[in-house]
**Student:** 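My questions will all concern the structure given below.
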Amino acid sequence: MPKVHWILPNGERVSDDVNENTNLMDAAQLNGIAGIHGECGGCLSCATCHVYVDDVWLAACPPMGEVETAMLDVVTSPRQSGSRLSCQLIATSALDGIVLHVPE
Ligand code: FES
């Protein structure tokens, strides 16, 4: 199972082994990560699952689609180079160890 690390705004780290093919918004909810709400359930219409992918993991992530790119223009926390919608990131061996920073 791929391991995912969330870094909370206060610096606390939460780590979990996530079932393969689970999206990382659902994984965050299962781990009670505050600040990742996933109000639309992962259908790309809310942008409340915004995370900052750690720089060293950006290249391992799949490319963004047009809708995700557009949705990131309306997130409440500032868009940065590592911004992604975590419902669009799927736990796979390629992302084993990924580090996600949770916005304020
Ligand atoms: S959960 Fe709504 S866009 Fe990701």
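Note that ligands are numbered from 1 as they come in the structure, with each ligand's atoms numbered from 1 the same way. Atom set for the values below is all heavy atoms of this structure, side chains included, hydrogens, waters and symmetry mates excluded.
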**Student:** Near G38, which atoms of ligand 1 are under 4.0 Å from a heavy atom of that residue?
**Tutor:** 1 (S)
**Student:** Check for me whether T48 has a heavy atom closer than 4.0 Å to any atom of ligand 1.
**Tutor:** no
**Student:** To the nearest 0.5 Å, what is the distance between CD (E20) and OG (S93)?
**Tutor:** 5.5 Å
**Student:** Pull out every atom of ligand 1 sitting under 4.0 Å from any heavy atom of G42, numbered as shown with elements.
**Tutor:** 1 (S)
**Student:** Has C40 got an N/O/S atom less than 2.8 Å from atom 2 (Fe) of ligand 1?
**Tutor:** yes
**Student:** Same hydrophobic cluster for I98 and M64, using side-chain heavy-atom links shorter than 4.5 Å among ILVMFWY?
**Tutor:** no
**Student:** For ligand 1, does S45 get within less than 4.0 Å through its side chain, its backbone, both, or neither, judged by non-hydrogen atoms?
**Tutor:** backbone
**Student:** Do the side chains of V53 and I33 join up, straight or via other hydrophobic residues, at under 4.5 Å, putting them in one cluster?
**Tutor:** yes
**Student:** If I take atom 4 (Fe) of ligand 1 as the centre, what angle separates the SG atom of C87 from the SG atom of C49? Nearest 10 degrees is fine.
**Tutor:** 100°
**Student:** Would K3 and D16 pass as an ion pair if we require N to O under 4.0 Å?
**Tutor:** no
**Student:** Specify the protein heavy atom at minimum distance from atom 3 (S) of ligand 1: its residue, its atom name, and the distance to 0.1 Å.
**Tutor:** A47 N, 3.3 Å
**Student:** Are a donor atom and an acceptor atom from the side chains of H50 and S77 found within less than 3.5 Å of each other?
**Tutor:** no
**Student:** To the nearest 0.5 Å, tell me how far Q88 CD sits from L44 CG.
**Tutor:** 3.5 Å
